[in-house]
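Here the structure comes first, spelled out in structure tokens, and everything after it is commentary.
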Amino acid sequence: MKLLERKELNFTPIFLILNAVLLVIILLIEVVNFARVGTISKTKASTLVELSDGESIRVIPIGSLERSPQAITHFVGKTMTGLLSWNALPKRTDDYNPDPTKQLKLDTGVATSKAKITTSTWASGFALSEDFRAPFLEEISNLTPPDVFNGSTQSILKVSLLSQPTRIKDGQWKVDMVAEIVVFQGSNLVGKPIAFNKTVFVRAIDTAALPRFASDVQETAIRERKAGLEIYKIQDLDL
């Protein structure tokens with residue numbers, strides 16, 4: 001009679017084996033996904049951005065305190081050239097049509113506490129930090145020849161070297177600049193060079209959006225600071 005009794009199957013071992021196999025498969029899938037996510041996180045994704053003129057360019061995301069070496073050196077060169085190239089002649093625009101029978105309207109400059117600076121120098125000054133801007137513009141007013149404002153004198157900054165930016169800490173760099181301020185007076189087209197070798201200290205900043213009803217001063221300040229950088233110190237270069 002015992003041989004005719006029906007034996008009950010025990011499914012517990014089979015279930016445990018299948019469960020173990022399933023867990024191993026899930027673990028392998030998670031390892032593969034983790035490896036792929038790690039690869040993607042290290043890849044700099046490009047983004048297509050359309051400019052206001054309709055041109056499209058590709059950009060890559062960077063941290064809020066990161067700036068490329070090219071952006072830093074371009075900013076330093078452009079700002080220092082704007083600060084130290086003095087010219088009171090009117091800028092040429094699309095509707096510029098000089099009449100030789102009329103006298104050109106020269107830049108009257110912007111007054112400081114001691115002297116005057118050109119309007120273009122004043123505009124470039126917004127690329128300086130606020131605690132550094134006023135004293136530095138005062139120094140430039142002492143260097144600016146008064147004859148600049150009657151059109152008989154002008155200057156250019158001739159940059160011979162801009163070093164690669166050296167990181168000081170996150171969001172701060174220094175750039176060495178070897179340059180000369182060349183001053184042209186009267187009919188002297190050769191110019192008189194004045195050595196201007198400096199170390200320029202730069203830091204990353206947040207840029208403000210232009211208000212809907214912005215004044216000329218606001219537009220100028222935001223335009224000069226749109227690079228997201230400012231110069232907060234300039235000292236003599238140790239050669």
Side-chain angles (χ1 to χ4, degrees), residues 49 51-53 55 57 59 62-96 105-144 148-149 154-157 159 162 165 168 170-175 177 179 181 196 198-235:
V49 174
L51 304 180
S52 59
D53 60 0
E55 181 183 358
I57 60 173
V59 298
I62 60 175
S64 60
L65 295 179
E66 292 297 321
R67 302 290 185 273
S68 69
Q70 295 84 356
I72 297 171
T73 53
H74 175 76
F75 168 77
V76 170
K78 175 177 176 293
T79 301
M80 298 306 297
T81 299
L83 289 169
L84 297 165
S85 296
W86 309 316
N87 191 329
L89 297 176
K91 294 185 180 297
R92 183 179 294 274
T93 59
D94 292 337
D95 59 351
Y96 181 78
K105 185 178 180 181
L106 299 177
D107 177 21
T108 58
V110 177
T112 65
S113 63
K114 298 178 181 178
K116 289 197 302 184
I117 55 177
T118 63
T119 302
S120 60
T121 296
W122 166 82
S124 297
F126 286 107
L128 308 177
S129 65
E130 197 56 35
D131 59 335
F132 181 62
R133 183 172 66 92
F136 187 74
L137 293 182
E138 290 284 356
E139 290 297 323
I140 291 181
S141 70
N142 293 334
L143 293 174
T144 304
V148 164
F149 301 101
Q154 55 185 310
S155 76
I156 61 168
L157 180 69
V159 179
L162 278 176
I168 301 172
D170 287 347
Q172 293 188 15
W173 305 265
K174 64 177 181 178
V175 177
M177 181 180 73
I181 303 173
F196 196 84
K198 302 292 180 181
T199 298
V200 183
F201 294 82
V202 184
R203 63 188 172 204
I205 59 170
D206 293 327
T207 55
L210 187 66
R212 182 178 179 184
F213 301 103
S215 65
D216 292 342
V217 175
Q218 286 176 309
E219 289 182 356
T220 301
I222 292 175
R223 182 180 67 247
E224 295 297 328
R225 300 175 71 81
K226 68 179 181 180
L229 293 163
E230 70 176 8
I231 295 172
Y232 66 92
K233 185 169 67 171
I234 299 174
Q235 67 181 31

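On a predicted model such as this, the values are computed, not experimentally measured, just so you know.
- Within the 4.5 Å cutoff, the side chain of Arg203 has no heavy atoms near those of the Lys233 side chain.
- To the nearest 0.5 Å, atoms CD1 (Ile234) and CZ (Phe201) are separated by 10.0 Å.
- Within 6.0 Å of CG on Asp206 lie no more than 12 heavy atoms contributed by other residues, nucleotides or ligands.
- The shortest distance between side-chain heavy atoms of Ile156 and Thr81 does not fall below 4.5 Å.
- Side-chain contact check for Pro165 versus Thr73: some heavy-atom pair is nearer than 4.5 Å.
- Gln172 is listed as a side-chain neighbour of Tyr232, based on a closest heavy-atom distance under 4.5 Å.
- Rounded to the nearest 0.5 angstrom, Glu139 CD and Leu137 CG are separated by 10.0 Å.
- A donor-acceptor pair is defined here as one N or O able to donate and one able to accept, closer than 3.5 Å; such a pair exists between the side chain of Trp86 and the backbone of Leu83.
- Counting only distance, with no hydrogens or angles, the side chain of Ser141 and the backbone of Lys116 share no donor-acceptor pair below 3.5 Å.
- Side-chain atoms of Asp107 come within 3.5 Å of backbone atoms of Thr119 as a donor-acceptor pair (strictly under, hydrogens ignored).
- Annotation: Asn142, atom CG; neighbour count of heavy atoms from other residues, nucleotides and ligands within 6.0 Å is above 12.
- We find the OG1-CD1 distance between Thr79 and Ile231 to be 5.0 Å, quoted to the nearest 0.5 Å.
- Relative to the ring axis of Phe126, Arg133 places its NZ or CZ within 45° and under 6.0 Å from the centre.
- Looking at Ser155, its side chain does come within 3.5 Å of a backbone N or O of Leu84 through a donor-acceptor pair.
- Residues Phe75 and Arg67 have side chains not in contact (no heavy-atom distance under 4.5 Å, counting atoms from C-beta outward).
- Within the 4.5 Å cutoff, the side chain of Trp122 has heavy atoms near those of the Val217 side chain.
- Using modelled atom types, no side-chain atom of Lys226 and backbone atom of Thr207 make a donor-acceptor pair closer than 3.5 Å.
- Side-chain contact between Thr118 and Asn87: absent, with no pair of heavy atoms (C-beta onward) separated by less than 4.5 Å.
- The CZ atom of Phe136 sits 6.5 Å away from atom CG of Leu128, with the distance rounded to the nearest 0.5 Å.
- Side chain of Ser85 to main chain of Leu157: a donor-acceptor pair is present (N/O by atom type, distance under 3.5 Å, no hydrogens or angles).
- Applying the 6.0 Å contact sphere to NZ of Lys174 captures no more than 12 heavy atoms from other residues, nucleotides or ligands.
- Ile205 places a side-chain heavy atom less than 4.5 Å from the side chain of Arg225.
- Between Glu138 and Ser113, the shortest heavy-atom contact is OE2-OG, 2.6 Å.
- The two residues Thr220 and Ala123 come nearest to each other via the heavy atoms CG2-CB, 3.5 Å.
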